[in-house]
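Below is one structure, written out as structure tokens; the observations come after it.
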Amino acid sequence: MKILVTGNMGYIGPCVIQRLRTSYPDVTLVGLDTGYFANCLTNAEILPECRVDQQHFVDIRQIPKDLLDGVDAVVHLAGISNDPMGNTFEEVTLDINYRASIELAKKGKQKGVRSFVFASSCSMYGSADESPRDEKSPLNPLTAYAKSKVYTERDLENLADEKFKVTSLRFSTACGMSERLRLDLVLNDFVAGAVTSQKITILSDGTPWRPLINIHDMARAIDWAIARDISNGGPFVAVNVGSDVWNYQVKDLAHAVAEVIPGVEVSINKDAQPDKRSYRVNFGLFRKLVPDYQPQVDLITTIRDLKEGLEAMKFADENFRNSRFMRLKVLNDLRSKGFLNDNLEWVNTH
Ligand SMILES: NC(=O)c1ccc[n+]([C@@H]2O[C@H](COP(=O)([O-])OP(=O)(O)OC[C@H]3O[C@@H](n4cnc5c(N)ncnc54)[C@H](O)[C@@H]3O)[C@@H](O)[C@H]2O)c1
């Protein structure tokens, strides 16, 4: 068996590769990534890519067809991965996240890929304060990033059939320690603030709802999706991935961090405009389809892991919101130094 994991050199990727290496010791694991954040390593004992059998430095917008030869399953993580980047590079986000993703799926289907797992996002529910959203709820994507996920899911559904199984995992917001940590995610940001300056600054009024999931639990869900039996949900499944108890208001996350890390001061911006991106999510379908792969890591463990990880790095950058652990900052730097062009393609620099 051969599994291709795109976007394996990001935040979630290394954790997914470790999981798959363990659950499928004999498969050929192939990584594909353009490497935007390749040098943003954190505490990795080895280069995470040493765990794959082949690593391709390829842009998914220019994927050679033969790269899919003999591939049985694709785990598609590659993409512009948050709203700030999506807002800055709107058209590019649609190109990479939507158009190139669909091309990849089409090529994969032609080449006989049987299982396609897509990293979708609960952010497609947008503003939905009233009641937890389930998979039948109306979608309300507020940003280019969220729209790219909606369009991709829609077209993937049309491609899915008995021979080409598609599982779209609508992930909650990720958190947890990784070999390529991101600090532009809400819980990771709070822990970094607590560790570096004993302060958590909530940029909103703290009321938005945000479902969270630890990256290890995301990897578990991906593991399930690769081998999902087609009778369990049909050729196409879009499912919210997370757990009902991990629907938090942002201010509660901050207070949880302050409980684990004593002496931390939490400041809420009471004058902030309400953050429209607020949604609670219902994970009933995920429980029904996947009883054996439910999230296991709890919030306090995640906060402790992050704290220990940052301390092991001797991380002390109070100005971390302007550091290389912010994905948008890295892309902007690569552009301003002339390494990437406006379309976020590598420029030949020699
Ligand atoms: N982190 C979250 O909270 C979260 C939540 C829901 C869904 N997701 C989705 O999961 C996936 C992975 O997220 P992440 O947090 O690891 O993001 P990340 O930004 O850390 O990693 C994304 C990877 O994709 C690669 N990539 C981007 N454009 C590419 C291209 N054109 N060709 C090849 N590679 C390209 C990048 O180099 C990077 O290594 C994304 O699709 C994201 O939208 C993430």
Side-chain angles (χ1 to χ4, degrees), residues 4-17 31-42 48-49 55-64 67 74-86 89 92-101 103-104 117-125 141 143-150 152-153 168-176 178-189 210-215 217-219 221-222 239-242 246 277 279 281 324-331 334 340-341 343-346:
L4 171 70
V5 182
T6 73
N8 67 304
M9 297 175 69
Y11 169 60
I12 298 164
C15 181
V16 170
I17 295 291
L32 182 160
D33 201 300
T34 195
Y36 291 147
F37 314 112
N39 64 343
C40 302
L41 286 166
T42 39
E49 290 63 60
Q55 180 67 46
H56 296 277
F57 288 95
V58 166
D59 189 311
I60 55 158
R61 289 168 289 183
Q62 285 124 29
I63 201 161
L67 211 148
V74 173
V75 175
H76 183 38
L77 305 175
I80 300 300
S81 60
N82 70 10
D83 290 333
M85 283 187 285
F89 306 106
V92 180
T93 297
L94 288 176
D95 255 348
I96 296 176
N97 291 17
Y98 168 46
R99 296 183 195 103
S101 295
E103 277 309 303
L104 172 71
V117 181
F118 175 55
S120 189
S121 165
C122 283
S123 66
M124 55 173 61
Y125 297 117
T143 61
Y145 170 72
K147 284 178 190 154
S148 76
K149 298 292 184 188
V150 172
T152 307
E153 265 196 15
S168 187
L169 302 171
R170 293 183 183 171
F171 285 121
S172 305
T173 298
C175 58
S178 155
E179 290 175 318
R180 282 198 183 84
L181 182 63
R182 287 175 57 179
L183 294 179
D184 51 9
L185 295 163
V186 61
L187 187 71
N188 299 3
D189 171 286
R210 205 52 57 79
L212 252 64
I213 185 168
N214 185 288
I215 54 170
D217 288 328
M218 296 171 99
I222 287 169
V239 59
N240 299 332
V241 178
W246 277 64
R277 297 164 311 162
Y279 43 88
V281 176
R324 69 191 181 96
F325 301 112
M326 310 295 285
R327 293 299 189 238
L328 177 58
K329 161 88 175 142
V330 175
L331 288 187
L334 289 170
L340 291 176
N341 66 20
N343 289 327
L344 300 183
E345 293 154 333
W346 292 104

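Order of listing sets the numbers, starting from 1, for every ligand and every atom in it. In this chain, numbering begins with 1 at the start of the sequence shown.
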Open item on the list: Testing the basics here: between Pro64 and Val58, what is the closest heavy-atom pair and its distance to 0.1 Å?
Closed with: CD-CG1, 3.9 Å

- [ ] Give the minimum heavy-atom separation between Leu334 and Trp346, together with the two atoms involved.
- [x] CD1-CH2, 3.9 Å

Task: Taking every non-hydrogen atom, the tightest pair across Gly86 and Thr93 - done: CA-OG1, 3.3 Å

- [ ] Look at atom 26 (N) of ligand 1 and say which protein heavy atom is nearest, naming residue and atom and giving the distance to 0.1 Å.
- [x] Gly79 N, 3.8 Å

- [ ] Provide, to 0.1 Å, the distance between atom 18 (P) of ligand 1 and the closest protein heavy atom, together with that atom's residue and name.
- [x] Ser81 OG, 3.5 Å

Open item on the list: Going by side-chain hydrogen bond (donor to acceptor under 3.5 Å, both in side chains), name the residues that satisfy it together with Asn82, two or more places apart in sequence or in a different chain.
Closed with: Asp184

Open item on the list: For atom 34 (N) of ligand 1, what's the nearest protein heavy-atom neighbour? Residue, atom name and distance, please.
Closed with: Thr34 N, 3.2 Å

TODO: Considering the heavy atoms of Arg327, write down every atom of ligand 1 situated less than 4.0 Å from one of them.
DONE: 18 (P), 19 (O), 20 (O)

- [ ] If you have a sec, work out which protein heavy atom is nearest atom 20 (O) of ligand 1 and how many Å separate them, to one decimal?
- [x] Tyr11 N, 2.8 Å

Open item on the list: Regarding ligand 1, does Leu185 bring an N or O atom to under 3.5 Å of one of the ligand's N or O atoms?
Closed with: no

Open item on the list: Within this structure, what is the OG-NZ distance for the pair Ser123 and Lys147, rounded to the nearest 0.5 Å?
Closed with: 12.0 Å

- [ ] Look at atom 31 (N) of ligand 1 and say which protein heavy atom is nearest, naming residue and atom and giving the distance to 0.1 Å.
- [x] Asp59 OD1, 3.0 Å

Open item on the list: Using heavy-atom distances only, which candidate in Asp33, Val58, Leu77 approaches atom 41 (O) of ligand 1 most closely?
Closed with: Leu77

Task: Rounded distance (nearest 0.5 Å) linking atom OH of Tyr145 with atom CG of Asn97 - done: 7.5 Å

Open item on the list: Does ligand 1 come near enough to His76 that some N or O of the ligand is less than 3.5 Å from an N or O of the residue?
Closed with: no

Open item on the list: So for ligand 1, is Met9 a polar contact partner (N or O within less than 3.5 Å, distance only)?
Closed with: yes

Open item on the list: Closer than 4.0 Å to some heavy atom of Thr173 - which atoms of ligand 1 meet that?
Closed with: 3 (O)

TODO: Give the numbers and elements of all ligand 1 atoms closer than 4.0 Å to a heavy atom of Gly7.
DONE: 23 (C), 24 (O)

Open item on the list: So which atom in Ala221 and which in Val241 form the shortest heavy-atom distance, rounded to 0.1 Å?
Closed with: CB-CG1, 3.7 Å

Open item on the list: Within ligand 1, which atoms have a heavy atom of Arg182 less than 4.0 Å away?
Closed with: 1 (N), 14 (P), 15 (O), 17 (O), 20 (O)

Task: atom 21 (O) of ligand 1 [closest protein heavy-atom partner, distance rounded to 0.1 Å] - done: Gly10 CA, 3.4 Å

Task: Within-4.5 Å side-chain heavy-atom neighbours: Ser172 and Trp246 - done: no

TODO: Please confirm whether Lys149 comes within less than 3.5 Å of ligand 1 when only nitrogen or oxygen atoms on both sides are compared.
DONE: yes

Open item on the list: I need the nearest protein heavy-atom contact for atom 32 (N) of ligand 1: residue, atom name and distance, please.
Closed with: Ile60 N, 2.9 Å

Open item on the list: Using a 4.0 Å cutoff against the non-hydrogen atoms of Ile96, which atoms of ligand 1 qualify?
Closed with: 28 (N), 31 (N)

- [ ] Using a 4.0 Å heavy-atom threshold (strictly under), name the region of Arg180 that reaches ligand 1: side chain, backbone, both or neither.
- [x] neither

- [ ] List for me each residue that meets ring pair (Phe, Tyr, Trp, His ring centres under 6.0 Å) alongside Phe37, sequence neighbours excluded, and say none if there are none.
- [x] none

Task: Heavy-atom closest contact (Ile96 atom, Ala100 atom, distance) - done: O-CB, 3.5 Å

TODO: May I ask you to check whether Ala174 has an N/O atom sitting below 3.5 Å from an N/O atom of ligand 1?
DONE: yes

Task: Least distance between heavy atoms, Asn188 atom then Arg182 atom - done: ND2-O, 2.9 Å

Task: Interfacing atoms of ligand 1 (cut-off 4.0 Å, heavy-atom, Ser120) - done: 6 (C), 7 (C)

Task: Polar side-chain atom of Ser101 near backbone of Thr152 as donor-acceptor pair, under 3.5 Å - done: no

TODO: Measure the spacing between CG of Leu67 and NE2 of His56 and express it to the nearest 0.5 Å.
DONE: 4.0 Å

TODO: Name the closest protein heavy atom to atom 16 (O) of ligand 1, giving the residue it belongs to and the distance to 0.1 Å.
DONE: Ile12 N, 2.9 Å

- [ ] From the options Gly35, Ser172, Ser148, Ala119, select the one whose nearest heavy atom is closest to atom 9 (C) of ligand 1.
- [x] Ala119

